[in-house]
Amino acid sequence: MSDYTIWHNPKCSTSRFVLQALQDAGADVAVRDYQAQPPTVAELRAALDRLGIAPRGLLRRRNTPYDDLGLGDPALSDDALIAAMAEHPGLIERPVVFGPKGARLCRPKETVFDLLAS
């Protein structure tokens, strides 16, 4: 079993930076291309719990169907937002890193160093 798991988008420079930082630190990293292997609703709930954030904190707005789906509506429930992320994984902000001492949404990318130091 790997020390760290990263929800990674290989096309994203921030995601590539974070993966490289983990590897440079000697971490054993399991890489999950979350767009090719989208997380389930249950996995998203577990991730949000570990991250300690609400679903809106994990939503990506830029270059996604966020506006088309009306996800800016404050009346939408957390369940609706999680379902949208499960159906459209591009809505998930990246990269998300899970480690032995916690989880982080690594935005800004330097946040990965906090996770490695903890």
Side-chain angles (χ1 to χ4, degrees):
M1 179 175 234
S2 300
D3 295 331
Y4 292 87
T5 298
I6 181 173
W7 287 0
H8 178 63
N9 179 346
K11 296 177 184 175
C12 171
S13 62
T14 299
S15 195
R16 290 192 309 267
F17 175 94
V18 169
L19 176 58
Q20 188 65 55
L22 290 166
Q23 292 170 335
D24 289 350
D28 182 20
V29 185
V31 178
R32 179 175 181 174
D33 181 337
Y34 70 93
Q35 292 196 47
Q37 296 176 299
T40 64
V41 167
E43 288 173 317
L44 283 164
R45 287 185 193 287
L48 290 165
D49 284 345
R50 284 200 66 196
L51 291 164
I53 62 174
R56 286 199 185 277
L58 193 58
L59 270 174
R60 181 173 179 80
R61 291 161 178 80
R62 200 175 79 200
N63 300 320
T64 72
Y66 180 88
D67 291 326
D68 294 338
L69 296 172
L71 298 178
D73 181 351
L76 287 175
S77 69
D78 286 353
D79 289 341
L81 298 173
I82 292 168
M85 285 187 276
E87 186 173 342
H88 305 278
L91 289 166
I92 301 168
E93 189 61 88
R94 78 266 181 167
V96 179
V97 178
F98 305 92
K101 296 181 181 176
R104 296 279 191 294
L105 171 58
C106 291
R107 289 230 172 232
K109 62 188 176 187
E110 292 82 10
T111 305
V112 69
F113 299 119
D114 296 335
L115 188 59
L116 287 166
S118 62

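The analysis underlying the following values was restricted to heavy atoms, covering all of them including side chains, and did not include hydrogens, waters or symmetry mates.
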Novice: Would you tabulate the side-chain donor-acceptor contacts of residues 71-82 under 3.5 Å, counting partners in other chains and residues two or more places apart, or write 'none'?
Specialist:
| residue | atom | partner | partner atom | Å |
| --- | --- | --- | --- | --- |
| D73 | OD1 | A75 | N | 2.8 |
| S77 | OG | D79 | N | 3.4 |
| S77 | OG | A80 | N | 3.1 |
| D79 | OD1 | R45 | NH1 | 3.2 |
| D79 | OD1 | R45 | NH2 | 2.6 |

Novice: Is there side-chain contact between D33 and N9, with at least one heavy-atom pair below 4.5 Å?
Specialist: no

Novice: Mind listing the closest non-hydrogen atom pair of V97 and Y4 along with its distance?
Specialist: CG1-CD2, 3.9 Å

Novice: Give me the atom names and distance for the closest heavy-atom approach of A21 to L116.
Specialist: O-CD1, 4.1 Å

Novice: Name all residues meeting the side chain to side chain donor-acceptor pair (under 3.5 Å) criterion together with R107; count only those two or more places apart in sequence or in a different chain, and write none if there are none.
Specialist: E93

Novice: Hey, are the side chains of H8 and R94 touching, using non-hydrogen atoms and a 4.5 Å cut-off?
Specialist: no

Novice: Please name the pair of heavy atoms, one in T14 and one in K109, separated by the smallest distance, quoted to 0.1 Å.
Specialist: CG2-CB, 3.6 Å

Novice: Taking the side chain as everything from C-beta on, heavy atoms only, tell me whether W7 gets closer than 4.5 Å to S15.
Specialist: no

Novice: Do you reckon Y66 sits in the same ILVMFWY cluster as L105, going by side-chain contacts under 4.5 Å, direct or chained?
Specialist: yes

Novice: Shared ILVMFWY cluster between Y34 and L59, side chains joined below 4.5 angstrom?
Specialist: yes

Novice: Give the cluster check for F17 versus I92: same hydrophobic cluster or not, with ILVMFWY residues linked at side-chain heavy-atom distances below 4.5 Å.
Specialist: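 Cluster IDs for F17 and I92 differ.
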
Novice: Do V96 and C106 have side-chain heavy atoms sitting under 4.5 Å apart?
Specialist: no

Novice: Do the side chains of P39 and R32 get nearer than 4.5 Å, heavy atoms only?
Specialist: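 They are in contact (side-chain heavy atoms under 4.5 Å apart), so the answer is yes.
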
Novice: If you look at every heavy atom in L44 and A86, which pair is closest and at what distance?
Specialist: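 Scanning both residues, the minimum pair turns out to be CD1-N, 3.6 Å.
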
Novice: Between the main-chain N or O of G99 and the side-chain N or O of R50, is there a donor-acceptor pair closer than 3.5 Å?
Specialist: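 Present.
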
Novice: Compare all side-chain heavy atoms of I6 with those of V18 and state whether any distance is below 4.5 angstrom.
Specialist: yes

Novice: Assess the residue pair L69 and H88 against the criterion (side chain to side chain contact (heavy atoms under 4.5 Å, CB included)); give the C-alpha distance rounded to whole Å, side-chain angles, the decisive distance to 0.1 Å, and a yes or no.
Specialist: CA-CA 10 Å; L69 296 172; H88 305 278; 3.6 Å; yes

Novice: Quick one, I53 and L58 - any side-chain contact, counting heavy atoms below 4.5 Å?
Specialist: yes

Novice: Looking only at atom types and distance, does a side-chain atom of R16 sit under 3.5 Å from a main-chain N or O of P10, one as donor and one as acceptor?
Specialist: yes

